Asks: 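Have a look at this one before I ask anything.
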Amino acid sequence: MSVIEDILAGDRLALARTLSEIENDTPEGQRALDELFPHTGQARLIGVTGAPGTGKSTLVNRLAYLYRHPPAGVESKSVGIVAVDPSSPFSGGAVLGDRVRMRDLAGDPGVFVRSMASRGSLGGLARTTSDLVQVLDAAGYEIIIIETVGAGQAEVDIARLAHTTIVIEAPGLGDDIQAIKAGILEIADILVVNKADRLGAENTTRALRGMLELAKPGKRFPQHHAPVMALRPPPDLGEGEENGWEPPIVQTVATTGTGISQLEEEIARHQKYLHKSGDLIHKEKIRLKTKMDDLLQYSLVSRWRESITREIYKTTLDKLVARKISPQEAVRVLMNGGNL
Amino acid sequence: MQDKIRVLIAKPGLDGHDRGAKVVARALRDAGMEVIYTGLRQTPEMIAEAALQEDVDVVGLSILSGAHMALAPRVLELLEANGQEDVQVFLGGIIPDEDIPKLQKLGVGGIYGPGTSTQDIVKDIREVLQ
Ligand SMILES: Nc1nc2c(ncn2[C@@H]2O[C@H](COP(=O)(O)OP(=O)(O)OP(=O)(O)O)[C@@H](O)[C@H]2O)c(=O)[nH]1
Ligand SMILES: [Mg+2]
(Lines give C-alpha, C1' and ligand atoms only; values in the text may rest on other atoms or scores of the structure.)
(Ligands and ions follow the chains in the order given, each with its own letter.)
Protein backbone atom coordinates (compact mmCIF):
# COMPACT_ATOMS: atom_id res chain seq x y z
CA MET A 1 0.00 0.00 0.00
CA SER A 2 1.16 3.53 -0.62
CA VAL A 3 1.58 5.99 2.21
CA ILE A 4 -1.50 7.82 0.99
CA GLU A 5 -3.60 4.69 1.12
CA ASP A 6 -2.20 3.96 4.57
CA ILE A 7 -3.23 7.39 5.79
CA LEU A 8 -6.69 7.08 4.31
CA ALA A 9 -6.99 3.67 5.95
CA GLY A 10 -6.22 5.19 9.35
CA ASP A 11 -2.56 4.23 9.79
CA ARG A 12 -1.34 6.61 12.47
CA LEU A 13 2.36 6.08 11.92
CA ALA A 14 2.03 6.85 8.21
CA LEU A 15 0.06 9.94 9.16
CA ALA A 16 2.63 11.11 11.71
CA ARG A 17 5.52 10.62 9.32
CA THR A 18 3.79 12.40 6.50
CA LEU A 19 3.13 15.37 8.78
CA SER A 20 6.89 15.58 9.36
CA GLU A 21 7.63 15.36 5.65
CA ILE A 22 5.31 18.28 5.10
CA GLU A 23 6.80 20.33 7.92
CA ASN A 24 10.22 19.70 6.41
CA ASP A 25 9.10 20.64 2.92
CA THR A 26 10.23 17.41 1.28
CA PRO A 27 9.07 16.23 -2.16
CA GLU A 28 7.27 13.31 -0.46
CA GLY A 29 5.40 15.80 1.68
CA GLN A 30 4.41 17.87 -1.33
CA ARG A 31 3.20 14.80 -3.18
CA ALA A 32 1.14 13.72 -0.18
CA LEU A 33 -0.55 17.11 -0.09
CA ASP A 34 -1.46 16.87 -3.77
CA GLU A 35 -2.84 13.39 -3.44
CA LEU A 36 -4.72 14.00 -0.22
CA PHE A 37 -6.33 17.24 -1.28
CA PRO A 38 -9.35 15.59 -2.97
CA HIS A 39 -10.11 13.89 0.33
CA THR A 40 -10.31 17.13 2.29
CA GLY A 41 -13.14 19.50 3.05
CA GLN A 42 -15.04 17.23 5.41
CA ALA A 43 -13.71 18.35 8.79
CA ARG A 44 -14.98 21.17 10.96
CA LEU A 45 -12.06 23.43 11.79
CA ILE A 46 -12.05 25.21 15.14
CA GLY A 47 -9.37 27.75 15.97
CA VAL A 48 -8.43 28.61 19.52
CA THR A 49 -6.35 31.70 20.12
CA GLY A 50 -5.54 34.05 23.01
CA ALA A 51 -2.69 35.46 25.05
CA PRO A 52 -0.11 33.15 26.67
CA GLY A 53 -1.42 31.28 29.67
CA THR A 54 -5.10 32.13 29.20
CA GLY A 55 -5.86 28.40 29.21
CA LYS A 56 -6.01 27.51 25.52
CA SER A 57 -4.57 24.00 25.87
CA THR A 58 -6.64 23.23 28.94
CA LEU A 59 -9.76 24.31 27.10
CA VAL A 60 -8.85 22.36 23.97
CA ASN A 61 -8.43 19.29 26.16
CA ARG A 62 -11.92 19.74 27.62
CA LEU A 63 -13.57 20.52 24.33
CA ALA A 64 -11.99 17.54 22.58
CA TYR A 65 -13.00 15.35 25.49
CA LEU A 66 -16.59 16.51 25.13
CA TYR A 67 -16.61 15.64 21.43
CA ARG A 68 -15.30 12.21 22.34
CA HIS A 69 -17.72 11.71 25.23
CA PRO A 70 -20.89 13.58 24.31
CA PRO A 71 -24.12 13.41 26.28
CA ALA A 72 -26.34 10.39 25.68
CA GLY A 73 -27.94 10.36 22.25
CA VAL A 74 -25.23 12.40 20.56
CA GLU A 75 -22.65 10.64 18.43
CA SER A 76 -19.02 11.06 19.35
CA LYS A 77 -16.66 12.56 16.81
CA SER A 78 -13.02 11.91 16.10
CA VAL A 79 -10.75 14.83 16.92
CA GLY A 80 -7.44 15.99 15.48
CA ILE A 81 -5.50 18.69 17.30
CA VAL A 82 -2.67 20.84 16.01
CA ALA A 83 -1.02 22.92 18.73
CA VAL A 84 1.52 25.56 17.74
CA ASP A 85 4.15 26.95 20.08
CA PRO A 86 6.85 29.50 19.26
CA SER A 87 10.31 28.59 18.01
CA SER A 88 13.22 30.35 19.65
CA PRO A 89 14.42 33.07 17.29
CA PHE A 90 17.96 32.46 18.53
CA SER A 91 18.43 28.71 18.29
CA GLY A 92 15.53 27.73 16.06
CA GLY A 93 14.61 25.14 18.67
CA ALA A 94 11.41 25.01 20.66
CA VAL A 95 9.83 23.54 23.74
CA LEU A 96 6.34 22.42 22.81
CA GLY A 97 4.37 22.09 26.01
CA ASP A 98 0.71 22.04 25.04
CA ARG A 99 0.41 18.27 25.45
CA VAL A 100 0.95 18.64 29.19
CA ARG A 101 -2.63 19.93 29.45
CA MET A 102 -4.13 17.27 27.20
CA ARG A 103 -3.69 14.20 29.36
CA ASP A 104 -7.37 13.30 29.35
CA LEU A 105 -7.11 12.49 25.65
CA ALA A 106 -4.36 9.91 26.06
CA GLY A 107 -5.12 6.36 25.03
CA ASP A 108 -8.02 7.34 22.80
CA PRO A 109 -7.57 6.11 19.21
CA GLY A 110 -10.16 8.67 18.10
CA VAL A 111 -7.81 11.52 18.96
CA PHE A 112 -4.60 12.60 17.29
CA VAL A 113 -2.55 15.40 18.82
CA ARG A 114 0.33 17.00 16.99
CA SER A 115 2.55 19.76 18.39
CA MET A 116 4.32 22.05 16.02
CA ALA A 117 6.86 24.83 16.30
CA SER A 118 6.21 28.12 14.53
CA ARG A 119 9.62 27.88 12.79
CA GLY A 120 10.01 31.58 12.27
CA SER A 121 6.48 32.33 11.19
CA LEU A 122 4.75 35.23 12.82
CA GLY A 123 1.07 35.55 13.37
CA GLY A 124 0.34 32.55 15.54
CA LEU A 125 0.63 29.68 13.07
CA ALA A 126 3.52 27.95 11.36
CA ARG A 127 3.81 28.16 7.59
CA THR A 128 2.65 24.56 7.22
CA THR A 129 -0.07 24.51 9.87
CA SER A 130 -2.83 24.63 7.29
CA ASP A 131 -1.17 21.77 5.42
CA LEU A 132 -1.08 19.62 8.54
CA VAL A 133 -4.73 20.42 9.12
CA GLN A 134 -5.47 19.39 5.56
CA VAL A 135 -3.82 16.00 6.11
CA LEU A 136 -5.75 15.39 9.34
CA ASP A 137 -8.90 16.32 7.46
CA ALA A 138 -8.10 13.79 4.72
CA ALA A 139 -7.28 11.20 7.37
CA GLY A 140 -10.87 11.46 8.50
CA TYR A 141 -10.77 13.49 11.71
CA GLU A 142 -14.19 15.06 11.94
CA ILE A 143 -13.27 17.91 14.23
CA ILE A 144 -9.89 19.60 13.98
CA ILE A 145 -8.88 22.02 16.69
CA ILE A 146 -5.99 24.38 16.06
CA GLU A 147 -4.31 26.07 19.03
CA THR A 148 -2.25 29.09 18.02
CA VAL A 149 0.88 30.48 19.59
CA GLY A 150 -0.18 32.67 22.47
CA ALA A 151 0.99 35.93 21.02
CA GLY A 152 -1.81 38.05 22.38
CA GLN A 153 -2.22 39.86 19.10
CA ALA A 154 -5.16 39.65 16.82
CA GLU A 155 -4.22 36.68 14.75
CA VAL A 156 -5.83 36.94 11.40
CA ASP A 157 -4.24 33.77 10.06
CA ILE A 158 -6.27 31.55 12.34
CA ALA A 159 -9.49 33.29 11.35
CA ARG A 160 -8.72 32.53 7.72
CA LEU A 161 -7.96 28.90 8.44
CA ALA A 162 -10.71 27.96 10.89
CA HIS A 163 -14.44 27.85 10.33
CA THR A 164 -15.02 28.96 13.88
CA THR A 165 -12.48 31.06 15.74
CA ILE A 166 -12.55 31.14 19.52
CA VAL A 167 -10.68 33.95 21.23
CA ILE A 168 -9.86 33.33 24.86
CA GLU A 169 -9.48 36.07 27.42
CA ALA A 170 -8.75 35.59 31.08
CA PRO A 171 -9.17 37.98 33.97
CA GLY A 172 -6.18 39.61 35.54
CA LEU A 173 -4.01 40.12 32.48
CA GLY A 174 -3.49 43.81 32.99
CA ASP A 175 -7.23 43.68 32.53
CA ASP A 176 -10.07 45.47 30.90
CA ILE A 177 -10.03 47.14 27.60
CA GLN A 178 -6.29 47.74 27.37
CA ALA A 179 -5.59 44.04 27.48
CA ILE A 180 -8.19 43.29 24.90
CA LYS A 181 -6.37 44.08 21.75
CA ALA A 182 -8.10 45.79 18.92
CA GLY A 183 -8.77 43.43 16.10
CA ILE A 184 -9.81 40.60 18.32
CA LEU A 185 -13.45 41.32 17.71
CA GLU A 186 -12.88 41.09 13.98
CA ILE A 187 -11.55 37.57 14.23
CA ALA A 188 -13.63 36.17 17.09
CA ASP A 189 -16.68 34.12 16.26
CA ILE A 190 -16.94 33.23 19.92
CA LEU A 191 -15.37 35.00 22.87
CA VAL A 192 -14.45 32.96 25.90
CA VAL A 193 -13.70 34.39 29.31
CA ASN A 194 -11.77 31.50 30.80
CA LYS A 195 -10.69 31.24 34.43
CA ALA A 196 -14.14 32.40 35.39
CA ASP A 197 -13.34 31.05 38.84
CA ARG A 198 -10.97 33.96 39.28
CA LEU A 199 -11.67 37.40 40.59
CA GLY A 200 -12.26 39.88 37.79
CA ALA A 201 -14.01 37.53 35.36
CA GLU A 202 -17.11 39.72 35.50
CA ASN A 203 -15.08 42.81 34.72
CA THR A 204 -13.47 41.16 31.74
CA THR A 205 -16.84 39.98 30.50
CA ARG A 206 -18.30 43.44 30.90
CA ALA A 207 -15.40 45.02 29.06
CA LEU A 208 -15.82 42.61 26.19
CA ARG A 209 -19.54 43.20 26.05
CA GLY A 210 -18.89 46.92 25.90
CA MET A 211 -16.57 46.51 22.98
CA LEU A 212 -19.07 44.31 21.19
CA GLU A 213 -21.74 46.97 21.61
CA LEU A 214 -19.47 49.47 19.92
CA ALA A 215 -18.61 47.15 17.09
CA LYS A 216 -21.91 45.81 15.86
CA PRO A 217 -21.73 43.53 12.80
CA GLY A 218 -20.90 44.45 9.26
CA LYS A 219 -17.32 43.28 9.61
CA ARG A 220 -16.46 39.59 9.18
CA PHE A 221 -14.09 38.01 6.74
CA PRO A 222 -10.57 39.16 7.33
CA GLN A 223 -8.91 39.32 3.98
CA HIS A 224 -5.55 39.62 2.44
CA HIS A 225 -5.65 42.67 0.23
CA ALA A 226 -9.16 43.03 -1.03
CA PRO A 227 -11.54 45.16 0.97
CA VAL A 228 -13.88 43.44 3.36
CA MET A 229 -16.71 41.92 1.40
CA ALA A 230 -20.22 42.97 2.15
CA LEU A 231 -22.73 40.34 3.09
CA ARG A 232 -26.01 39.68 1.42
CA PRO A 233 -28.80 39.36 3.97
CA PRO A 234 -29.51 35.66 4.08
CA PRO A 235 -32.82 33.93 4.73
CA ASP A 236 -33.79 31.55 7.48
CA LEU A 237 -31.46 32.59 10.23
CA GLY A 238 -31.81 32.16 13.96
CA GLU A 239 -33.08 34.86 16.25
CA GLY A 240 -30.71 37.80 16.40
CA GLU A 241 -28.69 36.54 13.44
CA GLU A 242 -30.42 38.63 10.76
CA ASN A 243 -27.75 41.29 10.84
CA GLY A 244 -24.87 38.89 10.74
CA TRP A 245 -23.23 36.87 13.44
CA GLU A 246 -22.74 38.52 16.78
CA PRO A 247 -19.99 36.80 18.77
CA PRO A 248 -21.41 35.39 22.00
CA ILE A 249 -19.41 35.56 25.21
CA VAL A 250 -19.03 32.31 27.13
CA GLN A 251 -17.53 32.04 30.59
CA THR A 252 -15.57 28.87 31.26
CA VAL A 253 -13.42 27.23 33.86
CA ALA A 254 -11.32 24.98 31.68
CA THR A 255 -9.68 23.24 34.61
CA THR A 256 -13.02 21.89 35.85
CA GLY A 257 -15.00 21.85 32.61
CA THR A 258 -17.57 24.43 33.66
CA GLY A 259 -19.04 26.19 30.63
CA ILE A 260 -17.56 23.81 28.07
CA SER A 261 -20.91 22.41 26.99
CA GLN A 262 -22.26 25.95 26.49
CA LEU A 263 -19.17 26.64 24.41
CA GLU A 264 -19.84 23.54 22.34
CA GLU A 265 -23.44 24.69 21.80
CA GLU A 266 -22.24 28.06 20.56
CA ILE A 267 -19.79 26.37 18.21
CA ALA A 268 -22.61 24.23 16.83
CA ARG A 269 -24.84 27.29 16.45
CA HIS A 270 -22.07 29.12 14.62
CA GLN A 271 -21.48 26.22 12.28
CA LYS A 272 -25.19 26.14 11.52
CA TYR A 273 -25.14 29.85 10.89
CA LEU A 274 -22.24 29.44 8.47
CA HIS A 275 -24.27 26.95 6.47
CA LYS A 276 -27.51 28.85 6.45
CA SER A 277 -26.03 32.25 5.70
CA GLY A 278 -23.80 31.02 2.90
CA ASP A 279 -20.78 32.29 4.78
CA LEU A 280 -19.27 28.82 4.76
CA ILE A 281 -18.73 28.82 1.01
CA HIS A 282 -17.40 32.31 1.28
CA LYS A 283 -14.97 31.35 4.03
CA GLU A 284 -13.77 28.32 2.10
CA LYS A 285 -13.10 30.50 -0.89
CA ILE A 286 -11.12 32.99 1.15
CA ARG A 287 -9.21 30.19 2.81
CA LEU A 288 -8.18 28.63 -0.46
CA LYS A 289 -7.37 31.98 -2.00
CA THR A 290 -5.16 32.83 0.97
CA LYS A 291 -3.51 29.45 0.67
CA MET A 292 -2.85 29.91 -3.02
CA ASP A 293 -1.56 33.44 -2.59
CA ASP A 294 0.75 32.40 0.22
CA LEU A 295 2.13 29.51 -1.80
CA LEU A 296 2.58 31.73 -4.80
CA GLN A 297 4.50 34.24 -2.77
CA TYR A 298 6.61 31.54 -1.18
CA SER A 299 7.51 29.89 -4.47
CA LEU A 300 8.22 33.19 -6.19
CA VAL A 301 10.63 34.09 -3.43
CA SER A 302 12.25 30.65 -3.56
CA ARG A 303 12.61 30.83 -7.31
CA TRP A 304 14.05 34.30 -7.08
CA ARG A 305 16.54 33.10 -4.46
CA GLU A 306 17.78 30.46 -6.84
CA SER A 307 18.19 33.03 -9.59
CA ILE A 308 20.55 35.20 -7.61
CA THR A 309 23.94 34.48 -6.05
CA ARG A 310 24.91 35.45 -2.57
CA GLU A 311 27.63 37.53 -4.16
CA ILE A 312 25.29 39.68 -6.23
CA TYR A 313 23.05 40.12 -3.21
CA LYS A 314 25.96 41.26 -1.11
CA THR A 315 27.46 43.69 -3.63
CA THR A 316 24.03 45.19 -4.23
CA LEU A 317 23.51 45.64 -0.53
CA ASP A 318 26.96 47.23 -0.21
CA LYS A 319 26.14 49.69 -2.96
CA LEU A 320 22.88 50.53 -1.28
CA VAL A 321 24.56 51.10 2.07
CA ALA A 322 27.17 53.29 0.35
CA ARG A 323 24.19 55.19 -1.10
CA LYS A 324 25.36 54.56 -4.65
CA ILE A 325 21.95 53.18 -5.52
CA SER A 326 18.52 53.67 -4.04
CA PRO A 327 16.54 50.85 -2.44
CA GLN A 328 14.31 50.86 -5.51
CA GLU A 329 17.29 50.49 -7.81
CA ALA A 330 18.66 47.76 -5.60
CA VAL A 331 15.46 45.78 -5.98
CA ARG A 332 15.47 46.33 -9.73
CA VAL A 333 19.00 44.93 -9.84
CA LEU A 334 18.09 41.95 -7.69
CA MET A 335 14.97 41.20 -9.71
CA ASN A 336 16.99 41.38 -12.88
CA GLY A 337 19.70 38.85 -12.11
CA GLY A 338 22.19 41.49 -11.00
CA ASN A 339 21.86 43.92 -13.93
CA LEU A 340 20.43 47.34 -13.66
CA MET B 1 14.82 23.28 5.14
CA GLN B 2 16.98 20.89 7.08
CA ASP B 3 15.02 18.36 9.09
CA LYS B 4 14.62 19.37 12.69
CA ILE B 5 15.52 16.90 15.39
CA ARG B 6 12.39 16.17 17.40
CA VAL B 7 12.67 14.90 20.95
CA LEU B 8 9.99 13.77 23.37
CA ILE B 9 10.84 14.40 27.01
CA ALA B 10 8.72 12.36 29.36
CA LYS B 11 8.61 11.69 33.02
CA PRO B 12 7.17 8.26 33.70
CA GLY B 13 6.53 6.93 37.16
CA LEU B 14 5.17 8.48 40.28
CA ASP B 15 8.05 10.58 41.58
CA GLY B 16 7.06 14.16 41.81
CA HIS B 17 9.41 16.69 40.32
CA ASP B 18 10.53 17.42 36.80
CA ARG B 19 13.21 20.04 37.31
CA GLY B 20 15.88 17.91 35.65
CA ALA B 21 13.64 17.06 32.72
CA LYS B 22 12.91 20.74 32.15
CA VAL B 23 16.59 21.67 32.26
CA VAL B 24 17.31 19.08 29.60
CA ALA B 25 14.33 20.23 27.51
CA ARG B 26 15.61 23.80 27.50
CA ALA B 27 19.16 22.73 26.69
CA LEU B 28 17.94 20.76 23.69
CA ARG B 29 15.85 23.70 22.54
CA ASP B 30 18.90 25.95 22.82
CA ALA B 31 20.72 23.43 20.64
CA GLY B 32 18.07 23.96 17.96
CA MET B 33 15.93 20.89 18.61
CA GLU B 34 12.16 20.73 18.89
CA VAL B 35 11.27 19.28 22.24
CA ILE B 36 7.83 17.95 23.02
CA TYR B 37 7.37 18.17 26.72
CA THR B 38 4.70 15.94 28.21
CA GLY B 39 4.86 16.52 31.94
CA LEU B 40 4.68 14.34 35.00
CA ARG B 41 3.36 10.86 35.63
CA GLN B 42 3.27 9.51 32.13
CA THR B 43 2.61 5.83 31.63
CA PRO B 44 4.74 3.96 29.08
CA GLU B 45 1.58 3.71 26.94
CA MET B 46 1.11 7.48 26.98
CA ILE B 47 4.76 7.99 26.11
CA ALA B 48 4.70 5.62 23.16
CA GLU B 49 1.49 7.12 21.87
CA ALA B 50 2.90 10.65 22.05
CA ALA B 51 6.13 9.52 20.39
CA LEU B 52 4.10 8.13 17.53
CA GLN B 53 1.81 11.11 17.01
CA GLU B 54 4.72 13.53 17.25
CA ASP B 55 6.99 11.38 15.04
CA VAL B 56 10.01 12.02 17.25
CA ASP B 57 13.57 10.87 16.64
CA VAL B 58 14.42 10.53 20.31
CA VAL B 59 12.53 9.76 23.51
CA GLY B 60 14.19 11.03 26.68
CA LEU B 61 12.96 9.45 29.88
CA SER B 62 13.61 10.98 33.27
CA ILE B 63 13.19 8.40 36.01
CA LEU B 64 14.12 9.13 39.60
CA SER B 65 11.86 6.60 41.29
CA GLY B 66 14.08 3.58 40.78
CA ALA B 67 11.52 1.97 38.52
CA HIS B 68 13.69 2.26 35.42
CA MET B 69 14.06 -1.50 34.98
CA ALA B 70 10.31 -1.80 34.60
CA LEU B 71 9.56 1.43 32.73
CA ALA B 72 12.36 1.76 30.17
CA PRO B 73 12.02 -1.75 28.66
CA ARG B 74 8.27 -1.30 28.48
CA VAL B 75 8.65 1.93 26.51
CA LEU B 76 11.08 0.23 24.11
CA GLU B 77 8.68 -2.63 23.66
CA LEU B 78 5.76 -0.35 22.86
CA LEU B 79 7.78 1.76 20.44
CA GLU B 80 8.75 -1.36 18.59
CA ALA B 81 5.19 -2.62 18.54
CA ASN B 82 4.19 0.69 16.92
CA GLY B 83 6.81 0.35 14.20
CA GLN B 84 9.09 2.92 15.79
CA GLU B 85 12.08 0.68 16.52
CA ASP B 86 14.32 3.34 14.98
CA VAL B 87 13.47 5.83 17.73
CA GLN B 88 16.37 6.31 20.15
CA VAL B 89 15.61 6.05 23.84
CA PHE B 90 17.72 7.99 26.31
CA LEU B 91 17.45 7.70 30.06
CA GLY B 92 18.27 10.15 32.82
CA GLY B 93 18.07 9.53 36.54
CA ILE B 94 19.72 7.70 39.34
CA ILE B 95 20.64 4.41 37.72
CA PRO B 96 22.76 1.89 39.69
CA ASP B 97 25.91 0.78 37.85
CA GLU B 98 24.83 -2.84 37.63
CA ASP B 99 21.68 -1.92 35.70
CA ILE B 100 23.48 0.02 33.00
CA PRO B 101 24.71 -2.91 30.88
CA LYS B 102 21.28 -4.55 31.09
CA LEU B 103 19.57 -1.41 29.89
CA GLN B 104 22.08 -0.92 27.12
CA LYS B 105 21.54 -4.47 26.01
CA LEU B 106 17.81 -3.80 25.79
CA GLY B 107 18.49 -0.88 23.50
CA VAL B 108 18.61 2.20 25.72
CA GLY B 109 20.93 4.59 23.88
CA GLY B 110 22.35 6.98 26.44
CA ILE B 111 22.19 6.77 30.21
CA TYR B 112 22.86 9.87 32.28
CA GLY B 113 23.24 10.28 36.00
CA PRO B 114 22.78 13.44 38.04
CA GLY B 115 25.27 16.15 37.16
CA THR B 116 25.62 15.15 33.50
CA SER B 117 26.44 18.12 31.32
CA THR B 118 23.56 18.88 29.00
CA GLN B 119 26.12 19.51 26.28
CA ASP B 120 27.05 15.83 26.41
CA ILE B 121 23.44 14.87 25.86
CA VAL B 122 23.17 17.24 22.90
CA LYS B 123 26.34 15.81 21.42
CA ASP B 124 25.20 12.21 21.88
CA ILE B 125 21.82 12.86 20.27
CA ARG B 126 23.44 14.47 17.27
CA GLU B 127 25.88 11.60 16.94
CA VAL B 128 23.39 8.80 17.20
CA LEU B 129 21.10 10.45 14.61
CA GLN B 130 23.90 10.91 12.09
N1 LIG C 1 -7.91 28.99 37.83
C2 LIG C 1 -7.92 28.54 36.59
N3 LIG C 1 -6.77 28.18 36.00
C4 LIG C 1 -6.80 27.73 34.74
C5 LIG C 1 -8.00 27.64 34.00
N6 LIG C 1 -7.72 27.18 32.78
C7 LIG C 1 -6.39 26.98 32.72
N8 LIG C 1 -5.83 27.31 33.91
C9 LIG C 1 -4.40 27.24 34.27
O10 LIG C 1 -3.69 28.21 33.53
C11 LIG C 1 -2.39 27.74 33.23
C12 LIG C 1 -2.13 27.86 31.74
O13 LIG C 1 -2.99 26.99 31.04
P14 LIG C 1 -2.68 26.50 29.57
O15 LIG C 1 -3.85 25.70 29.13
O16 LIG C 1 -1.35 25.88 29.48
O17 LIG C 1 -2.67 27.90 28.82
P18 LIG C 1 -2.29 28.20 27.30
O19 LIG C 1 -3.10 29.37 26.89
O20 LIG C 1 -2.44 26.96 26.48
O21 LIG C 1 -0.77 28.61 27.41
P22 LIG C 1 0.29 28.77 26.22
O23 LIG C 1 0.07 27.64 25.24
O24 LIG C 1 1.61 28.67 26.92
O25 LIG C 1 0.05 30.11 25.61
C26 LIG C 1 -2.32 26.32 33.75
O27 LIG C 1 -1.69 26.32 34.98
C28 LIG C 1 -3.77 25.92 33.87
O29 LIG C 1 -3.98 24.94 34.84
C30 LIG C 1 -9.22 28.03 34.67
O31 LIG C 1 -10.31 27.99 34.10
N32 LIG C 1 -9.11 28.48 35.95
MG1 LIG D 1 -1.03 25.99 25.26
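Numbered from 1 within each chain, the chains take letters A, B, ... in sequence-line order. The structure presented is a predicted model; accordingly, all values stated were derived computationally and were not measured.
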Asks: Answer yes if the side chains of A:Ser20 and B:Asp55 hold a donor-acceptor pair under 3.5 Å, and no otherwise.
Replies: yes

Asks: Spell out the residues in residues 95-103 of chain A that have some non-hydrogen atom less than 4.5 Å away from a non-hydrogen atom of chain B, in order of number; otherwise answer 'none'.
Replies: A:Val95, A:Leu96, A:Gly97, A:Arg99, A:Val100, A:Arg103

Asks: Of the listed residues (A:Gly107, A:Ala106, A:Ala94, A:Ser87), which shares the most heavy-atom pairs with chain B below a 4.5 Å separation?
Replies: A:Ala94

Asks: Using only non-hydrogen atoms and a strict under-4.5 angstrom cutoff, which residues of residues 79-102 of chain B touch chain A?
Replies: B:Asn82, B:Gly83, B:Gln84, B:Asp86

Asks: Is it the side chain or the backbone of B:Gln53 that comes within 4.5 Å of chain A heavy atoms, both, or neither?
Replies: both

Asks: Of the backbone (N, CA, C, O) and the side chain (C-beta and beyond), which part of A:Asp11 lies under 4.5 Å from a heavy atom of chain B, both, or neither?
Replies: neither

Asks: Residue by residue, scan residues 5-13 of chain B and write down, ordered by number, those that have a heavy-atom distance under 4.5 Å to chain A; if none do, write 'none'.
Replies: B:Arg6

Asks: So, B:Lys4 and A:Glu23, do they make that salt bridge, N to O below 4.0 Å?
Replies: no

Asks: At a 4.5 Å cut-off on heavy atoms, which part of A:Phe90 comes close to chain B: side chain, backbone, both, or neither?
Replies: neither

Asks: Do any of residues 121-129 of chain B come closer than 4.5 Å to chain A, heavy atom to heavy atom, and if so which ones, in number order?
Replies: none

Asks: Output the option from B:Arg29, B:Gln42, B:Arg41 having the highest count of non-hydrogen pairs under 4.5 Å with chain A.
Replies: B:Arg29

Asks: Does A:Met116 reach the side chain of B:Glu34, with side-chain heavy atoms less than 4.5 Å apart?
Replies: no

